[in-house]
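Along the sequence shown, the residues carry numbers beginning at 1.
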Amino acid sequence: MSLDFATLATLRDRHPAWRLLASPHAPLVASFLHRVFVAPNVRVMSEADLAEALEDELFALREQLGPEAYPKSAQDYLNDWAAPDKGWLRKFYKPGTDEAQFDLTPATEKAIAWLASLTERPFVGTESRLLTLFALLEQISAGTEADPIKRVEDLRKKRDALDAEIARVLAGEVPLLDDTAVKDRFLQFQQLARELLADFREVEHNFRRLDRKVREKIALWEGSKGALLDEIMGERDAIGESDQGRNFRAFWDFLMSSRRQEELSERLDRVLALPPVAQLSPEPRIRRVHHDWLEAGEHTQRTVAQLSQQLRRFLDDRAFLENRRILELLHGIESKALALREALPSGTVMHIDAMGADIDLPLERPLFTPSVKPRLADLALVAGEDDVDTSRLFDQIVVDKARLRSAVQRALRRQPQITLRELLEDEPLHQGLAELVAYLELAHAGESALADFRALVDDAVIDPVRWQARDAAGNAVTREARLPRVIFTR
């Protein structure tokens with residue numbers, strides 16, 4: 001892009017990131033959105049939770065700056081930030097819900113990242129970046145070399161270098177990185193990890209933009225329906241086969257490998273335990289950054305799946321409109337036919353070619369096959385002498401799942417995640433095993449993309465869950481169930 005005067009003037013007027021930096025409320029917007037979305041890696045937040053957090057932020061600022069500072073309500077500020085003339089937040093509604101949801105736009109995250117880069121860095125590394133550049137050039141050169149002889153020659157050079165290094169290590173010569181080199185490489189890793197998280201929002205935004213182009217093409221289509229479907233399927237394939245789609249799919253396949261995840265966890269623990277790295281006071285979330293990658297990538301995958309479902313419903317609506325148009329045409333034909341019923345036309349009305357009768361031979365019809373009737377044994381029912389308490393047949397337990405869902409949501413407002421055992425310590429079971437099974441059903445429903453919260457199951461950890469019940473004699477007893485750890489998250 002050319003940075004001439006006209007281009008920069010247009011960016012200043014239209015780009016949301018530039019409008020944020022030029023806004024008089026930029027300190028409030030950037031600090032609040034960084035604390036709520038970027039720092040904890042939150043992808044989507046409900047309107048009620050976000051308004052509550054912003055109200056607390058505004059109250060604290062009014063205590064410092066006076067009651068006249070930021071006079072509007074939190075709800076008004078959120079709607080203002082999500083307006084088209086700002087574009088700092090994306091306001092949308094999940095399918096099947098009437099509560100608004102908010103998410104950062106890629107432009108806002110770019111502005112926040114640029115503001116973070118303005119702070120003075122205690123250490124600026126250059127060696128690791130230079131090595132990364134050389135490694136990238138080497139990968140490009142090796143990956144595009146079509147001559148097998150040169151390819152084998154390069155591989156043999158690498159093998160000889162590895163053999164020489166192995167020989168030096170076996171001889172006792174173990175080269176180690178000094179503290180400066182360790183800090184240089186770790187700071188670059190930390191920066192790239194943050195940038196990768198920020199890239200997910202832009203990838204998701206690009207998918208939405210491609211989907212919007214397909215919808216516009218459907219709305220303005222004037223050709224046949226078959227040609228429209230061919231065009232749409234081509235567009236969906238273009239989304240998956242675009243540079244963005246192929247790159248994201250390769251990243252997702254690499255990260256979904258359990259071996260890669262275990263390797264990342266082990267190496268992160270080992271690197272964070274090094275004294276030079278500990279002196280840098282790394283961010284707390286860097287220890288689980290690969291889990292944040294997984295969560296962000298999964299959110300992007302769910303978004304693409306929802307876009308496909310919405311596109312299918314959009315096509316179904318268009319098919320319904322076409323069918324209604326056909327019915328209107330048929331109704332018009334019937335009306336005109338009834339109007340001409342008494343005035344028969346003279347002469348030949350139409351010619352019908354290839355008149356013929358359909359002939360069905362009798363032997364083509366299948367023979368009758370009688371149905372098999374079950375035989376019921378003639379048994380005499382004899383009344384028993386046992387005295388059975390029939391009142392138990394009418395003692396049915398109905399578990400209020402809405403109450404259990406509200407309990408989980410209240411707990412997640414106080415903290416980002418909670419286990420089922422911890423939740424039951426605050427909210428004991430009142431209906432015993434039936435209520436516990438209802439919680440497990442909520443956890444299973446939490447795996448859906450439309451759920452208000454998510455649920456994960458850790459089979460490696462077994463949690464005991466206890467509750468009070470009564471036996472057949474009416475005595476109070478303690479029941480216990482052992483089940484894998486269930487974790488509810490936002």
Main-chain N/O of Val44 paired to Gln101 side chain as donor or acceptor, under 3.5 Å: no
Within 6.0 angstrom of Arg403 CZ, more than 12 heavy atoms from elsewhere: yes
Phe32 and Leu50, any side-chain heavy atoms less than 4.5 Å apart: yes
Worked verdict on Gln417 versus Arg454 for side chain to side chain contact (heavy atoms under 4.5 Å, CB included): CA-CA 9 Å; Gln417 67 179 26; Arg454 297 181 57 212; over 6 Å; no
Donor-acceptor pair, side chain of Trp81 and main chain of Lys86, under 3.5 angstrom: no
Cationic N near anionic O, under 4.0 Å, Glu427 to Arg405: no
Min side-chain heavy-atom separation Leu433-Arg479 under 4.5 Å: no
Within-4.5 Å side-chain heavy-atom neighbours: Leu21 and Leu115: yes
Arg19 side chain to Asp85 backbone, donor-acceptor under 3.5 Å: yes
Beyond-backbone contact of Val486 with Asp463, side-chain heavy atoms, under 4.5 angstrom: no
Side-chain heavy atoms of Tyr70 within contact of Tyr77, under 4.5 Å: yes
Approximate separation, where rounding is to 0.5 Å, of Asp163 CG and Lys158 NZ: 14.0 Å
Side chains of Pro67 and Arg62 in contact at under 4.5 Å (non-hydrogen atoms): no
Side-chain heavy-atom pair Leu89, Leu104 within 4.5 angstrom cut-off: yes
